J.: 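Before I ask anything, let me first share the structure, which is written out below as structure tokens.
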Amino acid sequence: MVLAHGAFGIAALHYLDGIDMNLARPLALLAALATGLTLASCTSPAATPSASPSSTPVTLSVVASTDVWGDLAAKVGGDRVNVTSIIDDPSKDPHEYEANAQIQLTLSKAQVVIENGGGYDDFVDTMLAAAKNPAIERINAVTVSGKQASAGDELNEHVWYDFGTVTKVVDAISATYTKLDPSDAATFTANASTLKASLATLTQKENDLKATYAGQPVSITEPVPLYMLEAIGLENKTPEEFSEAVENESDVAPAVLNETLKLYSDHAVKLLAYNEQTTGAQTDAVVKAATANNIPVVAFTETLPAGKTYVSWMTDNLDALAAALAK
């Protein structure tokens with residue numbers, strides 16, 4: 001049709017020279033219309049608006065106080081989240097961590113912040129208060145756990161060793177992501193379900209060990225893995241004054257230290273659960289005493305060992321306990 005309209009317009013213009021002027025005007029108008037149709041046909045594709053671009057996938061900015069919670073946050077979010085873990089060095093004592101201006105900036109720009117709570121990472125609360133960003137979604141693991149200290153006791157804040165708590169936190173993470181990015185709700189739910197299935201497997205391993213070893217006496221340097229030991233039904237024989245002093249980095253009274261060392265010389269415990277991220281003369285003394293008396297020493301950490309995920313790390317911990325208890 002473009003060529004037909006164009007040819008007709010050109011022929012009509014040539015024909016005007018040889019006809020009566022009374023006919024010339026109508027034919028001139030007809031030629032102009034034909035030419036206009038030709039131009040319209042040539043330019044119409046360029047004038048058609050382009051299709052609107054597809055929406056860009058949401059990427060949520062997430063900050064976790066430790067790589068333990070950071071790993072879980074990443075597993076739930078997949079490629080829809082960008083996770084930054086503040087404490088991620090297994091060779092460092094998390095209790096001695098000092099945040100800096102860069103961490104302050106990172107926290108202030110986060111959409112989701114996951115903290116442990118219970119006094120473990122108070123620097124997060126301090127920095128978030130200074131950031132004055134009420135839009136940040138916060139998940140406090142201790143708060144989510146619902147755990148409270150018994151009267152006269154201190155709360156064991158190491159709740160990531162409790163799989164029931166971790167399951168609740170995974171649900172809280174999924175719900176928070178869904179609130180901020182509803183279009184990816186199905187992805188978050190599916191990822192959380194996969195992760196919770198792995199946690200259920202870990203819980204079953206604890207139950208299997210409990211069926212065999214419940215009631216066995218053990219010792220600790222501090223209560224980092226205590227939730228796991230209790231879930232297996234193991235009885236902690238360590239004087240409370242010893243583990244509290246080690247956790248608070250204070251001196252252990254000589255009488256308390258001697259009482260603790262006697263656990264190993266008397267073979268009163270099956271194993272020593274040792275936090276290798278907190279060292280000192282007192283912890284070195286009990287590790288040495290356990291080793292000298294052929295009491296298995298099982299090392300635990302507060303952050304992820306290099307190359308490990310939360311699930312693989314906890315699997316290793318349970319396997320190490322099983323091997324020690326079997327001796």
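Numbering of residues begins at 1 and proceeds along the displayed sequence. Small disclaimer: the values here were computed from a predicted structure and weren't measured.
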J.: Excluding sequence neighbours, so at least two apart, what forms salt bridge (charged side-chain N to carboxylate O under 4.0 Å, His left out) with Lys109?
T.: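 Counting only residues at least two positions away or on another chain, Lys109 forms no salt bridge (charged side-chain N to carboxylate O under 4.0 Å, His left out).
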
J.: Check whether Asp121 reaches the backbone of Ser65 with its side chain - one donor and one acceptor, N or O, closer than 3.5 Å.
T.: no

J.: Output the distance between atom OG (Ser243) and atom CD (Glu154), rounded to the nearest 0.5 Å.
T.: 9.5 Å

J.: Scan the side chains in residues 251-263 for donor-acceptor partners under 3.5 Å anywhere in the protein, sequence neighbours excluded, and list what turns up.
T.:
unit_1, atom_1, unit_2, atom_2, d
Asn258, ND2, Pro254, O, 3.3
Thr260, OG1, Val256, O, 2.9
Lys262, NZ, Asp266, OD2, 2.5

J.: Evaluate the side-chain hydrogen bond (donor to acceptor under 3.5 Å, both in side chains) criterion for residues Thr278 and Asn275: first the C-alpha distance (whole Å), next the side-chain angles of each, then the deciding distance (0.1 Å), finally the verdict.
T.: CA-CA 6 Å; Thr278 302; Asn275 178 14; 3.2 Å; yes

J.: We want to know whether Asn236 and Thr238 form a side-chain donor-acceptor pair, criterion being a heavy-atom distance below 3.5 angstrom.
T.: yes

J.: Donor-acceptor pair, His158 side chain versus Leu226 backbone, under 3.5 Å?
T.: no

J.: Without swapping roles, check the side chain of Asp71 against the backbone of Asp67 for a donor-acceptor pair under 3.5 Å.
T.: no

J.: Under 4.0 Å between a Lys/Arg side-chain N and an Asp/Glu carboxylate O for Asp284 and Lys288?
T.: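 No.
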
J.: Taking all heavy atoms of Val68 and all of Glu302, pick out the closest pair and write down the distance.
T.: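 It is CG2-O, 3.5 Å.
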
J.: So, taking the atom named OG1 in Thr167 and the one named CG in Leu199, what distance separates them when rounded to the nearest 0.5 Å?
T.: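 It comes to 4.5 Å.
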
J.: Please list all pairs meeting salt bridge (charged side-chain N to carboxylate O under 4.0 Å, His left out) that have one or both residues in residues 315-327, counting only residues at least two apart or in different chains.
T.: Lys205-Asp319, Lys308-Asp316

J.: Verify side-chain hydrogen bond (donor to acceptor under 3.5 Å, both in side chains) between Gln104 and Asn100, making sure each step is shown before the conclusion.
T.: CA-CA 6 Å; Gln104 170 78 67; Asn100 53 38; over 6 Å; no

J.: Can you tell whether the side chains of Asp125 and Arg138 come within less than 4.0 Å, N to carboxylate O?
T.: yes

J.: Which distance, rounded to the nearest 0.5 Å, do you find between the OG1 of Thr59 and the CG of Asn82?
T.: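 So the OG1 of Thr59 and the CG of Asn82 are separated by 7.5 Å.
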
J.: Can the ring centres of Trp160 and Tyr120 be said to be less than 6.0 Å apart?
T.: yes

J.: Does the side chain of Lys147 reach to within under 4.5 Å of the side chain of Leu155, using non-hydrogen atoms?
T.: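 The answer is yes; the side chains approach within 4.5 Å.
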
J.: Let me confirm one number: the CG-CD distance from Leu229 to Gln216, rounded to the nearest 0.5 Å.
T.: 12.5 Å

J.: Please answer whether the main-chain N or O of Glu115 pairs with a side-chain N or O of Asn140 as donor and acceptor at a distance below 3.5 Å.
T.: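 No, the answer is negative, given that no donor and acceptor are paired below the 3.5 Å cut-off.
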
J.: Distance from Asp171 atom CG to Phe188 atom CZ, nearest 0.5 Å?
T.: 14.5 Å

J.: If only atom types and distance count, is the side chain of Tyr177 paired as donor or acceptor with the main-chain N or O of Val81 below 3.5 Å?
T.: no

J.: Report the distance from atom CZ of Phe300 to atom CE of Met314, rounding to the nearest 0.5 Å.
T.: 8.5 Å

J.: With distance as the sole test, does Thr106 use its side chain to make a donor-acceptor pair with the main-chain N or O of Gln102 at under 3.5 Å?
T.: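 Checking the backbone N and O of Gln102 against the side chain of Thr106, a donor-acceptor pair under 3.5 Å is found.
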
J.: Atom CD of residue position Glu240 - does it have more than 12 heavy atoms of other residues, nucleotides or ligands inside 6.0 Å?
T.: no

J.: Is there a donor-acceptor pair closer than 3.5 Å between any side-chain N or O of Ser85 and the backbone N or O of Ile87?
T.: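 Such a contact is absent between Ser85 side chain and Ile87 backbone.
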
J.: Using a distance-only test with no angle check, is there a side-chain donor-acceptor pair under 3.5 angstrom linking Asn191 and Thr189?
T.: no

J.: Determine, step by step, whether Ser198 and Thr201 satisfy the side-chain hydrogen bond (donor to acceptor under 3.5 Å, both in side chains) criterion, reporting the C-alpha distance in whole Å, the side-chain angles of both residues, the deciding distance to 0.1 Å, and the verdict.
T.: CA-CA 5 Å; Ser198 296; Thr201 299; 5.9 Å; no

J.: Taking atom types as modelled, is there a side-chain donor on Asp208 or Gln204 under 3.5 Å from an acceptor on the other?
T.: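 A pair is found: one side chain offers a donor N or O, the other an acceptor, under 3.5 Å apart.
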
J.: Counting only N and O atoms by type, is there a donor-acceptor contact under 3.5 Å from the side chain of Asp153 to the main-chain atoms of Ala149?
T.: no

